[in-house]
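Structure record follows, encoded as structure tokens.
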Amino acid sequence: MTSETYRNPILDADWSDPDVVRVGDDFYLTASSFGRAPGLPLLHSRDLVNWTLVGHALERLEPAAEFDRPRHDCGVWAPSLRYHDERFWIFWGDPDQGIFQVNAPQIRGPWTRPHLLKAGKGLIDPCPLWDEETGEAYLVHAWAKSRSGVKNRLTGHRMRPDGTDLLDEGKVVVDGDRIPGWFTLEGPKLYRHDGWFWILAPAGGVETGWQGAFRSRGFFGPYEERIVLEQKDTDVNGPHQGGWVRTPSGEDWFLHFQQRGAYGRVVHLQPMSWGPDDWPVIGNDGAPVAEHRRPALPPQSPATPATDDDFPGGRYGRQWQWTANPGDGWATQHSGDGLRLTCVRSEDAHDLRKLPHVLTQRLPGTPCAVEVELRLDSDEPGARAGLAVLGDAFGWIGLQRGTDGTVHLVHRFAEAVAERERDAAYPRIAPEGRARLRVEIGAGARCRFSADVKDGDGFRPSGPVFTATPWRWVGALLGLFALAPGGQGHAGTAAFTRFRISAS
């Protein structure tokens, strides 16, 4: 790679189902956040290659009672990001509730509370379009068979221009069952270009699918179709589902994801042009590129979404999300540095997957080492805190207060089918009630845990290699937590300092 080129993926972590929009000289991106809070991450770039995380559009998931516990694969699915009438708009589907939207005058907000545009089961992947020529507004969405019994079709509606209501019952505009070889048609993005209505939509499933393009002179069809991006002889499986964006100088680009198991859905940037027959050509004649000339945009300093954190004043950075809507007092602010987590009492202390008070960020897609310093400030027997790699299987290393008052270094794990965790290594004494914790994440998301329980003594490996796993739709997560067994009264706290992720 040279200074004139970039390499894919441009976002090497689980920024699932990306969509992108340009406003002036700025580009903005959002992605699925499922059941984590805050939701709807907001990223900013000036060159489409380097991105920073600038905030979230959704502070809490609603209805709040539905998300006071982890629902890892539910919540915010495949949002669409648009700019209209001097406002940013995000539409998304909650497969159990329906289609929502929020909007704001600036990307950093303030964002409105979620408005339920259409209630129903299995309504997913909505995308609006405001037709500047006619003043009409439209919306297209897909279907989740797991909730509705319907899939492989796209439904279109007329919409009120203020985005508050749909004006009809909807009509199937593309039926994938009528297209030979097509299945799992979903994720539509709706555009108006050169006198055509365009729907860019993937099919074929997240691991093995392709990107389709559909066009029609009228919104409700009939639509012609074409495959415009597929794996071919590259190593980029299932390249699809994303957004088209045009630069100020008129270059076209397409951002999409690639499903990578425990790493989730990483984001690629593809060149896009229009062929002699006026159909889009994405990548290298329909195949994803690994390296390519950068967009013709002003140079930007290298940037990626933040990972490291010193937790100044007890505050955690934008990169962190809870596994459910946050509760009062889980993290306390103070005058120094370091994250102070309350040892929240729970009857589910044996299973991190069931806990809402795990503070998480995305698992990096490249080999790395994750380190954090921990001090357990709790006298409660059974109180514990640690560093976790969390998926439908999980592993963690940390400290636990024993019934005899001593603090032990413990390393535990649970398989996907296990109902509770068990030891991955023999506990050992942590004399000062503190430890440096480390996870080295190698190829294939294989994780090696280690710890230093005496300052300067060095890291000692703990237990066998643990291979991270995703949930069904969500990549594995890094997590910090503090907890205590069920009971009454305050159970103390745990302090985390110097969270670092470095290349290994």
Side-chain angles (χ1 to χ4, degrees), residues 1-22 25-31 43-52 81 187 189 191 193 198 200-202 204 206-213 226-260 263-305 364-367 503:
M1 184 175 68
T2 70
S3 60
E4 288 78 34
T5 63
Y6 70 91
R7 287 194 64 83
N8 278 315
I10 56 166
L11 288 168
D12 200 359
D14 188 23
W15 301 94
S16 178
D17 312 316
D19 194 24
V20 62
V21 69
R22 178 178 67 86
D25 294 328
D26 297 284
F27 300 92
Y28 300 99
L29 181 148
T30 192
L43 285 76
H44 170 254
S45 177
R46 300 296 294 272
D47 66 359
L48 288 172
V49 174
N50 295 283
W51 293 87
T52 56
L81 174 61
K189 295 294 183 284
Y191 306 93
H193 172 66
W198 288 90
L200 300 183
V206 296
E207 294 184 353
T208 58
W210 57 88
Q211 178 66 39
R226 181 174 295 185
I227 294 175
V228 293
L229 182 69
E230 56 186 327
Q231 181 171 357
K232 295 190 176 180
D233 60 355
T234 74
D235 60 0
V236 181
N237 60 294
H240 68 231
Q241 189 158 333
W244 162 38
V245 68
R246 175 167 286 177
T247 70
S249 66
E251 285 187 350
D252 293 310
W253 297 86
F254 184 73
L255 288 94
H256 67 91
F257 76 72
Q258 174 197 8
Q259 171 66 32
R260 291 192 58 220
Y263 301 112
R265 301 173 183 182
V266 303
V267 179
H268 292 238
L269 176 66
Q270 302 294 338
M272 177 171 156
S273 61
W274 297 87
D277 55 359
D278 297 323
W279 281 85
V281 179
I282 299 177
N284 180 14
D285 196 24
V289 300
E291 184 174 344
H292 194 269
R293 172 189 60 80
R294 287 174 175 265
L297 293 163
Q300 178 179 335
S301 299
T304 57
T366 54

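Considering all non-hydrogen atoms of both residues, Pro280 and Val228 come closest at O-CG1, 3.4 Å. Looking at every heavy atom in both residues, Pro239 comes nearest to Leu229 through O-CD2, 3.7 Å. Looking at every heavy atom in both residues, Thr5 comes nearest to Glu291 through OG1-OE2, 3.0 Å. The two residues Tyr191 and Gly243 come nearest to each other via the heavy atoms OH-CA, 3.5 Å. Closest of all the heavy-atom pairs between Pro248 and Leu297 is CD-CD2, 4.0 Å. Across every non-hydrogen atom of Val49 and Pro295, the tightest pair is CG2-CD, 4.0 Å.
Here Arg260 pairs with Asp12 in a salt bridge; the nearest charged N to carboxylate O distance falls below 4.0 Å. The pair Glu251-Arg293 meets the salt-bridge criterion, since a charged nitrogen lies less than 4.0 angstrom from a carboxylate oxygen.
Between Asp14 and Val266, every side-chain heavy-atom pair lies at or beyond the 4.5 Å cut-off. In this structure the side chain of Val206 reaches within 4.5 angstrom of the side chain of Phe257, judged on heavy atoms. Here the side chains of Val245 and Val21 are not in contact, with every heavy-atom distance at 4.5 Å or above. For the pair Thr247/Leu48, a side-chain contact is recorded, criterion being any heavy-atom separation below 4.5 Å from C-beta on. You'll find the side chain of Ser45 stays beyond 4.5 Å of the side chain of Thr52, heavy atoms only. Looking at Leu43 and Tyr28, their side chains never come closer than 4.5 Å, going by heavy atoms from C-beta outward. Between Phe27 and Trp51, some side-chain heavy-atom pair lies under the 4.5 Å cut-off.
Rounded to the nearest 0.5 angstrom, Ile10 CD1 and Arg294 CZ are separated by 10.0 Å. Rounding to the nearest 0.5 Å gives a distance of 12.0 Å between CD1 of Ile282 and CD1 of Ile227. Rounding to the nearest 0.5 Å places CG of Asp252 at 5.5 Å from CH2 of Trp244. Residue His292 holds its NE2 atom at 14.5 Å from NE2 of His268, rounded to the nearest 0.5 Å. To the nearest 0.5 Å, atom OG of residue Ser301 and atom CG of residue Asp47 are 9.5 Å apart. With rounding to the nearest 0.5 Å, the separation of OG in Ser273 from CH2 in Trp253 is 10.5 Å.
Heavy atoms of other residues, nucleotides or ligands lying less than 6.0 angstrom from CG of Asp285 number 12 at most.
With hydrogens and angles disregarded, no donor-acceptor distance shorter than 3.5 Å links the side chain of Tyr6 to the backbone of Ala290. At least one donor-acceptor pair under 3.5 Å links the side chain of Asn8 to the backbone N or O of Val289. Judged by distance alone, with hydrogens and angles left aside, the side-chain atoms of Gln241 form no donor-acceptor pair with the main-chain N or O of Pro18 at under 3.5 Å.
Between the side chains of His256 and Gln211, no donor-acceptor pair of N or O atoms lies under 3.5 Å.
Here the rule is side chain to side chain donor-acceptor pair (under 3.5 Å) with Asn237, and of Gln231, Gln259, Gln258 only Gln258 fits it.
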Self-check item: Lys189 vs Asp17, salt bridge (charged side-chain N to carboxylate O under 4.0 Å, His left out): CA-CA, chis, key distance, verdict
Solution: CA-CA 11 Å; Lys189 295 294 183 284; Asp17 312 316; over 6 Å; no
